[in-house]
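The next block holds one structure in the form of structure tokens; read it before the comments.
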Amino acid sequence: MPFSPMPERLDTERFVLTPEEPSDVPWLAELFTARGAGPVTHDAAWQRMAAMHELTRRHGIGVYVLRPRDGTAPVGYVGLVVGRCTVEEPELAYELLPAAHGRGYATEAARVVLDAVLATGRDRVWATVRESNAASLRVLAKLGGFEVRRVTTDEHGRVLWHVREQDARAGSR
Ligand SMILES: CC(C)(COP(=O)(O)OP(=O)(O)OC[C@H]1O[C@@H](n2cnc3c(N)ncnc32)[C@H](O)[C@@H]1OP(=O)(O)O)[C@@H](O)C(=O)NCCC(=O)NCCS
């Protein structure tokens, strides 16, 4: 593998970040269902978790669950996926349960995840965000260092392809 693997655990002020595990399946199914594209069963959520573990095993990237330090239930995930991109230049992804939105959680976790993936030796990380997704665009703005490199359009509208280069200047912490 040309890149070093991301760490198994990352820490932020409010969260311990670790990989998905079987006990996460029920709320992951709830999270995927909240996307609004139809109900996602526990079995389907389990399959997605298994695929994520395989990505991590083979390529050293993947998503981290945000586990609150106060012992309350997980609130979502932040991590690196292939998505519309590649293993060499992966995509930052974040998704929180609706009740956890608006408290700075995604930005807090994405900062350490972004630092960690850039420390694997990768030069470039992407974030593809729909033009209509104001919250996600705001997270990228707060992280800093992302710029729009491409714009594509699909049946749901415009997708802004943001890139963060290794030497870009990050936002204020
Ligand atoms: C995107 C998402 C992860 C953000 O999580 P979060 O923890 O709420 O994000 P943060 O609190 O760190 O930051 C969100 C920012 O967006 C702002 N925001 C939220 N909704 C907004 C809206 N409709 N218009 C403008 N700004 C908005 C918030 O005010 C906040 O900015 P601020 O800190 O300057 O006030 C969350 O909304 C989510 O899970 N959405 C559904 C999944 C998704 O869209 N994932 C991204 C796919 S590209």
Side-chain angles (χ1 to χ4, degrees), residues 6 10-20 24-40 44-45 48-49 51-52 55 61-70 72-87 89-118 122 124-164 168-173:
M6 293 180 74
L10 294 168
D11 289 87
T12 74
E13 187 186 338
R14 291 178 285 186
F15 300 101
V16 175
L17 307 183
T18 59
E20 295 165 334
D24 295 315
V25 163
W27 70 262
L28 284 170
E30 190 189 323
L31 182 71
F32 298 143
T33 298
R35 290 176 181 171
V40 175
R48 292 185 199 189
M49 178 185 70
M52 188 54 66
L55 176 70
I61 56 173
V63 301
Y64 294 87
V65 171
L66 280 67
R67 305 188 192 280
R69 290 187 183 279
D70 65 9
T72 53
V75 299
Y77 71 81
V78 173
L80 274 302
V81 299
V82 174
R84 300 181 177 99
C85 300
T86 63
V87 165
E89 297 187 9
E91 181 172 2
L92 181 65
Y94 32 70
E95 191 171 5
L96 268 50
L97 288 163
H101 292 186
R103 296 180 205 161
Y105 292 166
T107 307
E108 177 177 326
R111 277 201 174 112
V112 299
V113 167
L114 193 53
D115 285 348
V117 70
L118 290 172
R122 289 175 171 84
R124 215 170 273 130
V125 173
W126 294 86
T128 64
V129 182
R130 292 198 176 279
E131 193 172 43
S132 56
N133 194 341
S136 183
L137 292 173
R138 180 73 190 126
V139 170
L140 294 183
K142 289 194 289 182
L143 291 172
F146 281 93
E147 61 179 63
V148 177
R149 188 64 58 84
R150 292 177 66 191
V151 180
T152 54
T153 305
D154 64 18
E155 68 276 22
H156 301 295
R158 278 155 54 98
V159 177
L160 308 182
W161 293 60
H162 294 72
V163 69
R164 167 81 191 270
R169 225 160 62 85
S172 59
R173 283 175 189 244

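Numbers here simply count residues along the sequence, with the first being 1. Both ligands and their constituent atoms are indexed starting at 1 by order of listing.
Applying the side chain to side chain contact (heavy atoms under 4.5 Å, CB included) criterion to Arg149, with sequence neighbours excluded, gives Trp126, Glu147, Val163, Glu165. Evaluation of the ring-ring contact (aromatic ring centres under 6.0 Å, His included) rule for Tyr77 yields no partner, not counting sequence neighbours. Phe32 pairs by the ring-ring contact (aromatic ring centres under 6.0 Å, His included) definition with nothing, not counting sequence neighbours.
The backbone N or O of Ala29 sits nowhere less than 3.5 Å from a side-chain atom of Arg48 that would complete a donor-acceptor pair.
Between the CG atom of Leu28 and the CD atom of Glu95 there is a distance of 9.0 Å, given to the nearest 0.5 Å. One distance of note links CD1 of Ile61 with CE of Met6; it measures 8.0 Å at 0.5 Å rounding.
For ligand 1, the protein residues within 4.0 angstrom (heavy atoms only) are Tyr94, Glu95, Leu96, His101, Gly102, Arg103, Gly104, Tyr105, Ala106, Thr107, Thr128, Val129, Asn133, Ala134, Ala135, Ser136, Arg138, Val139, Lys142.
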